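Only one structure is covered here, and it is reproduced in the block below.
A quick note: this is a predicted structure, and the numbers were derived from the prediction, not measured. Atoms within a ligand are numbered from 1 in the order they appear, just like the ligands themselves.
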Amino acid sequence: MQHTPRSPHPTHSADPYPWLLRAESLTKTFGQTLALSDASVTVRPGEAVAIMGASGSGKSTLLHALAGVLPPDRGTVLLRRPDGDGFDDLAALTDAERSGLRLRRFGFVFQQGLLIPELTAGENVALPLLLAGISRHEANARAATELHRLGLAGLDPRRIGQLSGGQAQRVAIARALAVRPSVIFADEPTGALDSGTASEVLDALVAASTGPERALVVVTHDEQVAARCGRVVRLRDGRVEEAQ
Ligand SMILES: Nc1ncnc2c1ncn2[C@@H]1O[C@H](COP(=O)(O)OP(=O)(O)OP(=O)(O)O)[C@@H](O)[C@H]1O
């Protein structure tokens with residue numbers, strides 16, 4: 001899965017700053033709807049980036065394109081390799097390679113945690129690790145570590161229905177982090193929580209998702225969420241209106 005990028009890439013060598021994820025000139029249409037229009041975003045290691053904009057402005061489409069879930073009609077998405085040696089062009093990968101890359105390099109947190117209610121908190125966090133081929137013993141140990149990091153020490157054996165909304169969303173964050181991803185993508189991650197709980201969960205998400213080799217990209221309508229992020233990308237009718 002080590003691909004030689006289409007070379008020479010025009011902006012890769014020109015940018016003096018390190019970056020982790022870069023989308024260039026993304027365009028996506030659904031029938032007559034132009035969901036993304038020439039949208040470019042750069043995500044650097046250690047930063048939290050909020051994507052904001054009115055309903056229908058293209059936020060989810062941008063998130064899905066950045067995450068390699070939705071292929072754009074035009075434009076490229078580049079992800080720097082973990083060793084810092086070059087990058088992967090998501091469009092140049094096969095579907096299987098892209099799925100593998102998503103499993104290893106990306107974590108996802110949604111408004112509703114999409115946890116499996118029949119499983120315990122620990123089993124939910126361990127699941128993506130098992131899917132990635134990690135042994136059950138190691139997966140359980142890493143799940144316990146992540147739950148501890150998210151302030152849920154000892155709650156591994158609880159089923160999801162035995163947790164509060166905020167605790168369940170922390171389990172979803174722990175699950176996203178368990179694979180030690182490079183980028184966490186979050187779509188309205190605190191939208192279903194009351195404001196006090198939302199604030200605590202958001203602090204935990206930002207703290208755990210940003211680091212020297214990691215970044216957070218969060219779609220939100222909530223200015224308070226955006227205020228906790230280092231940078232805001234505002235979309236209007238599929239265009240990046242303002243990138244601070
Ligand atoms: N699968 C699809 N089929 C058809 N149109 C779509 C599809 N997905 C998105 N769109 C359209 O593309 C535009 C952008 O949608 P998108 O979901 O990215 O916006 P959004 O900013 O995330 O909106 P919201 O805040 O309401 O979730 C909208 O006009 C939407 O109706």
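Around CD of Q162, the count of heavy atoms belonging to other residues, nucleotides or ligands within 6.0 Å exceeds 12.
L103 contributes atom CG, which lies 9.0 Å from atom CZ of F108 (distance to the nearest 0.5 angstrom). Between atom CZ of residue F30 and atom CG of residue L36 there is a gap of 8.0 Å, rounded to the nearest 0.5 Å.
Summary of contacts: the protein heavy atom closest to atom 18 (O) of ligand 1 is T61 OG1, 2.6 Å. With respect to atom 17 (O) of ligand 1, the closest heavy atom belonging to the protein is S60 CB, 3.8 Å. For atom 26 (O) of ligand 1, the closest heavy atom belonging to the protein is S55 OG, 2.5 Å. The protein non-hydrogen atom at the shortest distance from atom 4 (C) of ligand 1 is F30 CB, 3.3 Å. For atom 12 (O) of ligand 1, the nearest non-hydrogen atom of the protein is A35 CB, 3.4 Å. Looking from atom 19 (O) of ligand 1 to the surrounding protein, the closest heavy atom is G58 N, 3.3 Å.
Between I184 and the options V218, V217, L216, a side chain to side chain contact (heavy atoms under 4.5 Å, CB included) holds for only L216. W19 pairs in a side chain to side chain contact (heavy atoms under 4.5 Å, CB included) with only one of the listed residues (L79, V43, T42), which is T42.
The shortest heavy-atom distance from G53 to ligand 1 is not under 4.0 Å. Using a non-hydrogen distance threshold of 4.0 Å, A54 registers as a contact of ligand 1. In this structure, H221 is part of the shell of residues with a heavy atom less than 4.0 angstrom from ligand 1.
Applying the salt bridge (charged side-chain N to carboxylate O under 4.0 Å, His left out) test to E188 and every residue at least two apart in sequence or in another chain returns nothing.
Of all heavy-atom pairs between L177 and R214, the closest is CD2-NH1, 3.4 Å.
There is a side-chain donor-acceptor pair under 3.5 Å between T29 and D73.
Nearest-residue assignment for atom 20 (P) of ligand 1 (options G31, A65, G56; heavy-atom criterion): G56.
The presence of a protein heavy atom under 4.0 Å from atom 8 (N) of ligand 1 is confirmed.
Here is the list of ligand 1 atoms found below 4.0 Å of a heavy atom in K59: 18 (O), 19 (O), 20 (P), 21 (O), 22 (O), 23 (O), 24 (P), 25 (O). Every atom of ligand 1 is numbered from 1 in the order shown, and the set under 4.0 Å from a heavy atom of S57 is 19 (O), 21 (O).
Only the side chain of T33 comes within contact range of ligand 1, with a heavy atom under 4.0 Å; no backbone atom does.
Side-chain contact check for T190 versus Q169: every heavy-atom pair is 4.5 Å or farther apart.
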